[in-house]
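The structure under discussion appears below in the form of structure tokens.
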Amino acid sequence: MNNKLETIPFTIIGPRVRKSPFFESTRKYGCKAYTVYNHMYMPLYYEDPVSDYWNLLEHVTVWDVACQRQMEITGPDAFRLSQYLTPRNLSKCEIGQCMYTSIVDENGCMLNDPVLIRLAENHFWFSLADSDILLWAKGIAHNMNLQVSISEPFVSPLAVQGPKAEVVMVDLFGDWIEQLRFFRSRETELNGIPLIVARTGWSKQDGFELYLRESRHGDELWEQIMAAGKPYNITPGAPSTIERIESGLLSYGADMDMTNNPFEIGLDKYVDLDQEADFIGKDALIKIRKEGVKQKLVGLELFTEPMMRNENRWTVIKDNKNCGTVRSATYSPRLKKNIALAMVPIEFADDGNKLNVETPSQFVEAEVVQMPFS
Ligand code: THG
């Protein structure tokens, strides 16, 4: 590929796509690229994707992930509806607990993979990936005649991620941060800014998400975290494509979509088909579990020089036949190899299987490897 011939397309910031309460801060701190997620601008990187990645691995980074919008469900039937929306067993979810869930349709196919927080017995936030689940939930609730209120409050997560996230958070909030377990949350405030702090986030480098309840404090919250993180080399950052592929964290729309079921993408352990409660897609998922899946999302190593372009959806080839698709790919600076997530037929999904991948510029040898990559 001749890089000189490439032009870099850009996106104009306009009023139709929403801005997060941290948007002005992200501009001020030099965000160089945004994408759109849940109809909102989301920062992609500041220095460059690789420098931002090292900042995440070695220090601590602050991410504007306000685009992980909340679907709030309250009212007497809030538990019933929330459980009906997901194959995860919510009777095991304590108040204050978070759960990684899937939302599937009647065929057991993925509509979203939110992180849920149970705020009270009948009060849930579904922190959504990039699809319009509020409409789906409203339709379901209306049809079932449930006594619920479903809305999108203007609550905005800000992530603090990296090995030094904990020390920054302790300096800001106190020692209780050390006791906050993975996927637990607590209501708190920071100098009068009401927040929910959870030990969650889309990286495996440890970290927290601060759910901002009052948008007008967005830039103030950002600045306070930046100030507290100064001794620890804090930098602005964003969800890192490189780190999340290394860690095997999935991206809705990239690695999976409405045509995939949770078993194909390795979310088996978040599906409870033996629970008593009914949920959308239960019969379909029971059938799929019985029959087995026909394809699977696997890790691939691609044997070629570092591939810096991240366009994916390349064709996987076996014996001159198309047999799957690369869904996400990146060069890993840490592992010094090209890694990818690819959907392949089940007969080629075992570790060690040799495949090929056709990118726009080359024909690459590849091998199925275990995830997380190492
Ligand atoms: N945080 C919050 N909301 C979100 C995301 C987030 N909504 C959209 C998107 N990210 C959802 N996707 C994921 C994917 C993986 C995880 C979280 C959100 C994750 N997985 C861990 C794992 O796979 O090891 C742990 C899951 C568990 O054990 O419960 O963290 O990042 N608020």
Side-chain angles (χ1 to χ4, degrees), residues 20 22 35-40 42-44 56 61-72 85-90 92-94 96-104 110-119 124-134 152-153 155-162 165 180-186 195-213 237-241 243-257 260 262 265-272 297 299 327-328 341 370-374:
S20 106
F22 315 111
T35 187
V36 174
Y37 189 108
N38 281 328
H39 315 281
M40 183 176 274
M42 175 178 83
L44 285 178
L56 166 64
T61 52
V62 182
W63 311 352
D64 171 4
V65 282
C67 61
Q68 296 165 1
R69 303 311 294 164
Q70 308 307 302
M71 170 172 73
E72 180 171 72
L85 289 173
T86 175
R88 199 124 189 214
N89 188 339
L90 298 192
K92 295 185 175 159
C93 189
E94 291 167 17
Q97 190 179 337
C98 311
M99 273 187 169
Y100 180 40
T101 61
S102 44
I103 292 183
V104 300
M110 296 293 297
L111 298 179
N112 204 292
D113 66 332
V115 171
L116 155 163
I117 300 190
R118 187 172 200 176
L119 297 160
F124 293 85
W125 282 353
F126 287 80
S127 183
L128 297 169
D130 189 17
S131 74
D132 294 312
I133 288 302
L134 197 89
E152 185 193 300
V155 166
S156 301
L158 185 66
V160 181
Q161 300 282 309
L180 190 67
R181 285 186 286 147
F182 188 53
F183 270 65
R184 296 288 162 152
S185 72
R186 178 161 154 176
L195 299 168
I196 288 178
V197 170
R199 197 164 201 140
T200 49
W202 209 50
S203 87
K204 292 258 174 153
Q205 307 304 315
D206 191 24
F208 301 83
E209 291 182 303
L210 289 71
Y211 290 76
L212 175 71
R213 285 171 173 281
S240 165
T241 299
E243 195 276 344
R244 74 94 185 164
I245 295 175
E246 285 178 359
S247 299
L249 295 170
L250 303 182
S251 174
Y252 187 79
D255 307 315
M256 56 165 143
D257 53 38
N260 302 118
I265 56 173
L267 296 186
D268 314 41
K269 66 175 171 171
Y270 306 118
V271 171
D272 185 350
L297 191 72
R327 306 298 301 243
S328 310
L341 302 176
Q370 238 178 33
M371 282 195 290
F373 296 92
S374 58

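Since we're looking at a predicted model, the values are computed, not measured. All ligand and atom numbering here is 1-based and tracks the order in the structure.
Proximity to E209 (heavy-atom distance under 4.0 Å) selects the following atoms of ligand 1: 1 (N), 2 (C), 6 (C), 31 (O), 32 (N).
The closest side-chain heavy-atom distance from I117 to Q70 is not below 4.5 Å. At a threshold of 4.5 Å between non-hydrogen side-chain atoms, the residues R88 and S102 do not count as touching.
Taking 4.0 Å as the cut-off, K204 counts as a neighbour of ligand 1 on heavy-atom distance. Every heavy atom of T200 sits 4.0 Å or more from the atoms of ligand 1. Judged by the shortest distance from any of its heavy atoms, G201 lies inside the 4.0 Å radius around the atoms of ligand 1. Ligand 1 lies out of reach of Y252, whose nearest heavy atom is not under 4.0 Å from it. The closest approach between any non-hydrogen atom of W125 and ligand 1 is not below 4.0 Å.
The closest protein non-hydrogen atom to atom 12 (N) of ligand 1 is D113 OD2, 3.3 Å. The closest protein non-hydrogen atom to atom 28 (O) of ligand 1 is Y270 OH, 3.2 Å. Taking atom 7 (N) of ligand 1 as the reference point, the nearest protein heavy-atom neighbour is S127 O, 2.9 Å. The protein heavy atom nearest to atom 17 (C) of ligand 1 is V115 CG2, 3.7 Å.
Listed for the S20 side chain is a donor-acceptor partner under 3.5 Å among the backbone atoms of F22. A donor-acceptor pair under 3.5 Å is formed between the side chain of W202 and the backbone N or O of L250. Of the possible polar contacts, none joining the S247 side chain to the L249 backbone as a donor-acceptor pair under 3.5 Å is found.
When the options Q97, Q68, M99 are ranked by their closest heavy atom to atom 2 (C) of ligand 1, first place goes to Q68. Here atom 14 (C) of ligand 1 lies nearest to Y100 when heavy atoms of Y211, W63, Y100 are compared.
Using a cutoff of 4.0 Å between basic side-chain nitrogens and carboxylate oxygens, K204 and E246 are not scored as salt-bridged.
Not a single N or O atom of Y37, backbone or side chain, sits closer than 3.5 Å to an N or O atom of ligand 1. Where the criterion is an N or O separation shorter than 3.5 Å, residue side chain and backbone included, K269 fails it with respect to ligand 1.
In this view, R69 and E152 satisfy the salt bridge (charged side-chain N to carboxylate O under 4.0 Å, His left out) rule, not counting sequence neighbours. For D257, the salt bridge (charged side-chain N to carboxylate O under 4.0 Å, His left out) partners are R327, not counting sequence neighbours.
Under the 3.5 Å distance criterion, with hydrogens and angles disregarded, a donor-acceptor pair is assigned to the side chains of W63 and T61. Donor-acceptor pairing under 3.5 Å is recorded for the side chains of D113 and Y100.
Of all the heavy atoms of F126, none lies under 4.0 Å from any atom of ligand 1, so neither backbone nor side chain is involved. Residue-level proximity to ligand 1 for V65 is absent, since no heavy atom of it falls below 4.0 angstrom. The side chain of L249, and not its backbone, has at least one atom closer than 4.0 Å to an atom of ligand 1 (non-hydrogen atoms only; side chain from C-beta on).
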